[in-house]
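Structure below; questions to follow.
In this text the structure is predicted, and so the values were computed from the model without any measurement. We number each residue from 1, following the sequence as shown.
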Amino acid sequence: MALLKLKFPFQKRVRLAQGLWLLSWVAVFSGAITFAVGVFLKTELHRRSEVMHNMDIHIVPNLLMAVGLASVGINICAGKVCQDSLDPSRFPRWKTFLPPFFCMSVFLASLLLVAMILSYALQPSLEESLKIGLKNGIRFYKDTDTPGRCFQKETIDRLQTEFQCCGNTNFRDWFEVQWISNRYLDFTSKEVKDRVRSNVDGRYLLDGVPFSCCNPASPRPCIQYSLLDNAAHYNYEYQSEELNLHNRGCRQALVNYYMGLMNTIGPGVLSVFLLQMTVLVSLRYLQTSMEGVMGQENLEIETEGYILEKGVKETLLETKEKVMKIFEFAQVGDASATTPGADPEAAAAPGPATK
């Protein structure tokens, strides 16, 4: 029994073809938007690639770009089918093309759902990637003379200024690394010598942060050094000076930013998926209803359209049998190719003499 069978008089087929043609062009536009959204997300992720340890999250924009381009091609093709369905003499050429077209289109449309699910599922991976990447970025902040790291300082400073954040988790992360290059330290100074000697690794550590951690909303000039020493500054108490530095860590700021983008993109991707499936279901009804007209003298007869020619269970069993036959045929072909041929000399040798 056919699945979701509907009757289509001539006028209903014409209206379906015309409406689907318009809908397919709306889907073309939505596919182009999906591609543009993927490009935008890819660009935003690439801008922060220096503070990311891995690029697993890039699979989301890659899928959006690929499916967006594919959606444009699929819906242009669907529009062409709608045009030809109004002329029964041109529609038969699509008969062999449409079944694999539907399979490929449903697979590509399902990738939109995969991209949306991954955008949420990969949040822990994104957070871990930023945690390691920012840790390395802070550690290499001072290496402005080292090839491959010379732009790390600029990257971190721009990041902290743009996202109004400081450090990986908070501003105290800067206390654990030497972020001032030895090139700018006076090793004849007693203070510098004492700080270097007091550290096991011989690093110059201090309770200070780069200028990019300063909060411009603070009512007083920014205090960057001796942050934990109340006596070093007049009318200063570091426990209550919340506006002096950005309190939020850059890892949390970036995770919030990217997840905010994905939360905004998610409903849009779901809408594109539903629109694409509507086009494919409508196109399937148009195809099956037009097949009833083929070979008929009266082109205005009422026909039936359906999604599947048989039930879901029967269709799955039939598909399984076809796939098994294909595999069996491939195995037989491989076995015959590897079986050594008979020895021609043995075949030509005469058998034993008979009396």
- Query: Does some side-chain heavy atom of L261 sit less than 4.5 Å from a side-chain heavy atom of F40?
  - Reply: yes
- N230: partners by side-chain hydrogen bond (donor to acceptor under 3.5 Å, both in side chains), with sequence neighbours left out: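 Once residues adjacent in sequence are excluded, N230 has no partner under the side-chain hydrogen bond (donor to acceptor under 3.5 Å, both in side chains) criterion.
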Can you give each donor-acceptor pair under 3.5 Å made by side-chain atoms of residues 56-77, sequence neighbours left out, with the distance rounded to 0.1 Å?
from, atom 1, to, atom 2, distance (Å)
H58, ND1, K42, NZ, 3.2
N62, OD1, K42, NZ, 3.1
N62, ND2, H58, O, 3.1
S71, OG, N75, ND2, 3.0
S71, OG, Q276, OE1, 2.9
N75, OD1, Q276, NE2, 3.3
N75, ND2, S71, O, 2.6
N75, ND2, Q276, OE1, 2.8

- Which heavy atom in V51 sits nearest to a heavy atom in T155, and how many Å separate them?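 Closest approach of V51 to T155, heavy atoms only: CG1-CG2, 4.4 Å.
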- Item | Single-linkage hydrophobic cluster M277~V272, side-chain heavy atoms < 4.5 angstrom | yes
- Message: Can you tell me how far apart CG (N244) and CG (N215) are? Round to the nearest 0.5 Å.
- Response: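 Interatomic distance, N244 CG to N215 CG, rounded to 0.5 Å: 8.0 Å.
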- Query: Strictly by modelled atom types, are Q18 and R15 linked by a side-chain donor-acceptor pair under 3.5 Å?
  - Reply: no
- Item | Selection residues 115-139 - residue pairs positive for salt bridge (Lys or Arg N to Asp or Glu O under 4.0 Å), sequence neighbours left out | E127-R251
- Tell me, which pairs form a salt bridge (Lys or Arg N to Asp or Glu O under 4.0 Å) where one or both residues lie in residues 174-186, sequence neighbours left out? D145-R183
- Which residue pairs satisfy the salt bridge (Lys or Arg N to Asp or Glu O under 4.0 Å) criterion with at least one member in residues 216-235, sequence neighbours excluded? R220-E241
- Write down the atom of S85, the atom of C82, and the distance for their closest heavy-atom approach. OG-O, 2.6 Å
- Item | Donor-acceptor pair, side chain of Q224 and main chain of V209, under 3.5 angstrom |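 A pair under 3.5 Å: yes.
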- Item | Verdict with supporting geometry, D207 and R172, salt bridge (charged side-chain N to carboxylate O under 4.0 Å, His left out) | CA-CA 8 Å; D207 54 343; R172 292 176 181 270; over 6 Å; no
- Is the C214 SG less than 2.5 Å from the C222 SG?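 Yes, C214 links to C222 through a disulfide.
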- Message: Return the SG to CG distance between C213 and L245, rounded to the nearest 0.5 Å.
- Response: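 Answer rounded to 0.5 Å: 6.0 Å.
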- Query: With no hydrogens and no angle check, is any side-chain donor or acceptor of H233 less than 3.5 Å from a backbone partner on Y225?
  - Reply: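 Indeed, once roles are kept as given, a pair shorter than 3.5 Å links the two residues.
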- Query: Is a side-chain N or O of W179 found less than 3.5 angstrom from the main chain of G208, in a donor-acceptor match?
  - Reply: yes
- Task: Check whether any side-chain heavy atom of L243 lies under 4.5 Å from a side-chain heavy atom of P219, and answer yes or no.
- Result: yes
- Message: Test of understanding: with salt bridge (charged side-chain N to carboxylate O under 4.0 Å, His left out), list the residues that count as partners of R149, not counting sequence neighbours.
- Response: D143
- Query: Does F163 have any ring pair (Phe, Tyr, Trp, His ring centres under 6.0 Å) partners at least two apart in sequence or in another chain, and if so, which?
  - Reply: Y257
- Which residues share a salt bridge (charged side-chain N to carboxylate O under 4.0 Å, His left out) with R197, sequence neighbours left out: none
- Message: Run the side-chain hydrogen bond (donor to acceptor under 3.5 Å, both in side chains) test against S212 and tell me which residues pass, sequence neighbours left out.
- Response: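 With neighbours one apart ignored, the set is D157, Q160.
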- Pairwise distance NZ(K153) to CZ(R158) - rounded to 0.5 angstrom: 10.0 Å
- Item | Spatial distance of atom CG (L122) from atom OG (S119) [nearest 0.5 Å] |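 It is 8.0 Å, given to the nearest 0.5 Å.
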Distance-only donor-acceptor pairs under 3.5 Å for side chains of residues 96-108, two or more places apart:
from, atom 1, to, atom 2, distance (Å)
S105, OG, F101, O, 2.7

- Same cluster or not: are Y258 and L159 linked, directly or through other Ile, Leu, Val, Met, Phe, Trp or Tyr residues, by side-chain heavy atoms under 4.5 angstrom apart? yes
- Side-chain (Y236) to main-chain (L227) donor-acceptor, under 3.5 angstrom: yes
- What residues, two or more places apart in sequence or in another chain, satisfy salt bridge (charged side-chain N to carboxylate O under 4.0 Å, His left out) together with E191?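 If we apply the salt bridge (charged side-chain N to carboxylate O under 4.0 Å, His left out) test to E191, skipping adjacent residues, the hits are R195.
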- Note on the structure: One should read off an interatomic distance between Q164 CD and C250 SG, to the nearest 0.5 angstrom, of 11.0 Å
- How would you list, by chain and number, every residue that makes a side-chain hydrogen bond (donor to acceptor under 3.5 Å, both in side chains) with Q83, sequence neighbours excluded? none
- Task: Consider only side-chain heavy atoms of I, L, V, M, F, W and Y, link residues closer than 4.5 Å, and tell whether M290 and L23 are in one cluster.
- Result: yes
- Can you check whether Q239's main-chain N or O pairs, donor with acceptor, with E237's side chain at less than 3.5 Å?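 Pair absent, no side-chain N/O of E237 close to backbone of Q239.
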- Query: Do I117 and Y120 have side chains that get closer than 4.5 Å, going by heavy atoms?
  - Reply: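 They are not in contact (no side-chain heavy atoms under 4.5 Å apart), so the answer is no.
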- Item | T144 side, atom OG1; Y184 side, atom OH - distance, nearest 0.5 Å | 4.5 Å
